Amino acid sequence: MTRTDLRTDVRTAPRRKVLISGASIAGPALAFWLNRYGFDVTVVEKADTLRAGGYPIDVRGTALDVVERMGILPRLRDSHIDLRRLTFLDGDGSEVVSVNPHAVTGGVAGRDLEVRRGDLSDALYAAVRDDVEFLFNDSIDTLDQSGHGVDVTFRGGGKRTFDMVFGADGMHSRTREMLFGPEEQFHRFLGYCFAVFTMRNTFGLSHETVMWNTPGRAAALYAVGDDDEVHAFLNFAHPQPPFDAFPNPEAQRDLIATVFADAGWEVPGMLAAMRDSDDLFFDAVSQIRMPGWSSGRVALVGDAAYAPSFLTGQGTSLALVGAYMLAGSLADRDHAEGFAAYEHDTREFVTLNQGLVGEGSATLFPTTAQALEQRNNRLRKLSAIPVAEGRPAHSALTLPAFMSMT
């Protein structure tokens with residue numbers, strides 16, 4: 001069958017029914033493009049609503065072209081966080097240097113976006129909610145591909161059959177586990193753990209980040225504007241992922257408090273605020289690296305397939321670009337050919353961006369006194385030079401113009 005014949009068949013055949021697990025970033029973005037190409041889309045999300053607020057995330061390079069084609073770029077520009085200063089402190093609280101944030105992140109001033117995660121999630125949801133079915137407070141319980149589709153049993157008790165299923169359910173993806181087995185085989189631990197939470201802004205901070213470091217430990221306060229709250233960030237080196245702490249918030253708090261017990265600066269107050277926080281997010285700094293992103297009629301996208309870690313600043317951008325490429329690859333192809341094209345055309349971009357852990361922000365958290373002094377010397381030099389162009393990896397993929405079916 002020729003591609004022209006296949007395109008005709010796809011246009012005239014009944015709408016293909018697909019299920020997406022996860023309604024954070026990759027899921028709604030994939031839903032948008034699949035709906036655009038004529039699919040009947042359902043999104044299932046285990047939470048009972050979208051997650052509001054959240055820590056700031058970056059949208060850079062090729063991902064900006066994706067949100068522009070979605071028509072949500074103006075809304076995101078209105079939500080842009082204008083971070084103006086990044087100040088580094090020594091262990092005694094004295095200033096090392098204050099620099100333009102783009103000099104460290106590799107971003108492009110005036111083009112790249114930084115928004116609250118919730119603002120991006122809201123924009124994506126608003127773009128698809130009238131055309132896509134959302135099932136909140138539910139999740140996939142079982143997948144069965146023994147027939148001509150994917151038979152899905154939901155935790156809530158429902159049973160339905162789909163032509164394809166997509167896992168957009170994050171780094172600890174249950175969809176991936178059901179398909180490929182335990183996470184450990186794909187989990188690449190990068191040697192750190194981190195915690196993020198909000199606390200009162202009693203520091204007079206505005207549009208800036210202040211970061212304190214000692215070897216193997218970092219604490220930062222991030223003021224996205226003139227708000228009454230700041231995002232608190234604690235990062236520390238750890239020899240292996242603390243798997244026992246992941247399901248236990250109190251164990252997470254205890255571990256962090258132990259690591260930072262003798263820390264100075266504002267850290268004691270941050271630890272006290274962490275104890276009372278109701279929005280603590282804790283995880284290992286890790287990547288997901290897989291030899292393949294699909295099995296049968298099920299494919300993975302975003303962090304479920306290729307989490308790059310926050311050290312790269314590219315997790316959100318990879319999710320947006322991956323969703324665009326996956327949907328477009330399926331626009332006029334069956335699942336087997338489409339999944340193969342998605343991986344063939346996207347993997348190099350993913351690999352380049354995962355490789356950023358060896359550059360830029362990955363060097364912000366030295367584990368020895370000598371490495372910390374070397375980092376500080378590099379930062380002092382950065383403050384004396386103009387902001388450079390963004391890293392090529394951010395824009396290494398030129399978006400193809402896939403066929404339009406609506």
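Keep in mind the model is a prediction, meaning the values are calculated, not measured. Because only heavy atoms are used, hydrogens play no part in the values below, and waters and symmetry mates are left out as well, while side chains stay in.
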*Give the intermediate values and the outcome of side-chain contact (heavy atoms from CB on, under 4.5 Å) for residues T87 and R85.*
CA-CA 6 Å; T87 302; R85 183 167 57 248; 3.7 Å; yes

*Is the closest side-chain heavy-atom distance between L397 and Y324 below 4.5 Å?*
no

*With the side chain counted from C-beta on, respond yes when N201 and E229 share a heavy-atom pair under 4.5 Å apart, and no when they do not.*
no

_Backbone of G149 reached by a side-chain donor or acceptor of D163 within 3.5 Å_ = no

_Side-chain heavy-atom pair H231, P56 within 4.5 angstrom cut-off_ = yes

_Could you walk me through whether L255 and H238 satisfy the side-chain contact (heavy atoms from CB on, under 4.5 Å) test, starting with their C-alpha distance in whole Å, then the side-chain angles of each, then the deciding distance to 0.1 Å, before giving a yes or no?_
CA-CA 11 Å; L255 174 60; H238 206 260; 4.1 Å; yes

*Working to the nearest 0.5 Å, report the span between CZ of F166 and CG of L34.*
5.0 Å

*Spacing of H187 atom NE2 and S286 atom OG [to the nearest 0.5 Å]*: 2.5 Å

*Just wondering, more than 12 heavy atoms not from H80 lying within 6.0 Å of its NE2?*
yes

*Does some side-chain heavy atom of F349 sit less than 4.5 Å from a side-chain heavy atom of L318?*
yes

*May I ask you to decide if D254's main-chain N or O and T258's side chain share a donor-acceptor pair within less than 3.5 Å?*
yes

*Grab the two heavy atoms, one from D58 and one from T316, that are nearest each other, plus how far apart they are.*
O-CB, 3.6 Å

*asked:* Could you measure the distance from the CG atom of L64 to the OG atom of S395? Nearest 0.5 Å is fine.
replied: 8.0 Å

_If you count every heavy atom of other residues, nucleotides or ligands that lies below 6.0 Å from R160 atom CZ, does the total exceed 12?_
yes

_Whether F365 and F233 hold their rings parallel, tilted or perpendicular, with breakpoints at 30° and 60°_ = tilted

*Report yes if some heavy atom in the side chain of V298 is under 4.5 Å from a heavy atom in the side chain of M178; otherwise report no.*
no

_Test side-chain contact (heavy atoms from CB on, under 4.5 Å) applied to F39 and L330, step by step_ = CA-CA 10 Å; F39 289 77; L330 290 165; 4.0 Å; yes

*G91 to T214 - nearest heavy-atom pair and separation*: CA-CG2, 3.7 Å

*asked:* Before we go on, tell me: are the rings of Y55 and Y222 under 6.0 Å apart, centre to centre?
replied: no

_Aromatic plane relationship, F281 with F194 - under 30° parallel, 30 to 60° tilted, over 60° perpendicular_ = tilted

_Closest heavy-atom pair and its distance - V150, M164_ = CG2-CA, 4.5 Å

*Do R155 side-chain atoms and S139 backbone N/O form a donor-acceptor pair below 3.5 Å?*
no

*Closest approach of A284 and M171, non-hydrogen atoms and distance?*
O-CE, 4.1 Å

*Can any side-chain N or O of Q287 pair as donor or acceptor with the backbone N or O of P308 at less than 3.5 Å?*
yes

*Heavy atoms of other groups near D244 CG, more than 12 under 6.0 Å*: no

*asked:* Would you compute the distance between atom CZ of F243 and atom CG of N248 and round it to the nearest 0.5 angstrom?
replied: 15.5 Å

_Any side-chain to backbone donor/acceptor pair from Q252 onto A245? Under 3.5 Å, distance only._
yes

*Carefully, step by step, assess D262 and R217 under the rule side-chain contact (heavy atoms from CB on, under 4.5 Å).*
CA-CA 11 Å; D262 63 344; R217 298 185 298 182; 2.7 Å; yes

_Taking H148's backbone N and O only, do any of them form a donor-acceptor pair with R297's side chain (distance below 3.5 Å, no angle check)?_
yes

*L221 side chain reached by M270 side chain, heavy atoms, under 4.5 Å*: yes

*Just checking, is any N or O donor in the side chain of D283 or H172 under 3.5 Å from an acceptor N or O on the other one?*
yes

*For V41 and N35, work out which heavy atoms get closest and say how close.*
CG2-N, 3.9 Å

*asked:* A quick test of your reading: do over 12 heavy atoms of other residues, nucleotides or ligands sit less than 6.0 Å from CD of E133?
replied: yes

*Roughly how far apart are L320 CG and L124 CG, rounded to 0.5 Å?*
6.5 Å

*Test salt bridge (charged side-chain N to carboxylate O under 4.0 Å, His left out) on R116 and D122 and set out the steps.*
CA-CA 10 Å; R116 291 177 176 87; D122 287 345; over 6 Å; no

*With no hydrogens and no angle check, do the side chains of T312 and N353 hold a donor and an acceptor under 3.5 Å apart?*
no

*How are the rings of F162 and F154 set relative to one another: parallel (under 30°), tilted (30 to 60°) or perpendicular (over 60°)?*
perpendicular

*Going through the checks in order, is the salt bridge (charged side-chain N to carboxylate O under 4.0 Å, His left out) test met by R380 and E373?*
CA-CA 11 Å; R380 293 184 184 103; E373 183 57 32; 3.6 Å; yes

*asked:* Test your reading of the model: is there a side-chain donor-acceptor pair from Y306 to the backbone of T351, 3.5 Å cut-off?
replied: no

*Closest non-hydrogen atom pair between T175 and I140, with its separation*: OG1-CD1, 4.5 Å

*Examine distances only and state if a side-chain atom of E343 and a backbone atom of S294 form a donor-acceptor pair shorter than 3.5 Å.*
no

*May I ask you to check whether F339 and Y342 place their ring centres under 6.0 Å from each other?*
no

*Would you find more than 12 non-hydrogen atoms of other residues, nucleotides or ligands less than 6.0 Å from Q370 atom CD?*
no

_Gap between atom CG of L280 and atom OG1 of T198 - 0.5 Å precision_ = 10.0 Å

*For the pair W212 and W265, name the ring-plane relationship: parallel under 30°, tilted 30 to 60°, perpendicular over 60°.*
parallel

*Heavy-atom distance under 4.5 Å between the side chains of L300 and M290, does that happen here?*
yes

*Please determine if R347 forms a cation-pi arrangement with W293, meaning its NZ or CZ atom is less than 6.0 Å from the six-membered ring centre and no more than 45° off the ring axis.*
yes

*Using a 4.5 Å cut-off on heavy atoms from C-beta on, say whether the side chain of D303 contacts that of I288.*
no

*Sidechain-backbone polar pair: S329 side chain, M325 backbone, donor-acceptor under 3.5 Å*: yes

*Please state whether the rings of F246 and F282 are parallel, tilted or perpendicular, taking 30° and 60° as the class boundaries.*
tilted

*Check each of R117, E45, R51 against S24 using the side-chain hydrogen bond (donor to acceptor under 3.5 Å, both in side chains) test, and report the only one that passes.*
R117

*Would you confirm whether R60, through its side chain, and S317, through its main-chain N or O, come within 3.5 Å as a donor-acceptor pair?*
no

*Would you indicate whether D228, at its atom CG, is surrounded by more than 12 heavy atoms from other residues, nucleotides or ligands within a distance under 6.0 Å?*
no

*Could you tell me how the ring of F236 sits relative to the ring of F260: parallel (under 30°), tilted (30 to 60°) or perpendicular (over 60°)?*
perpendicular

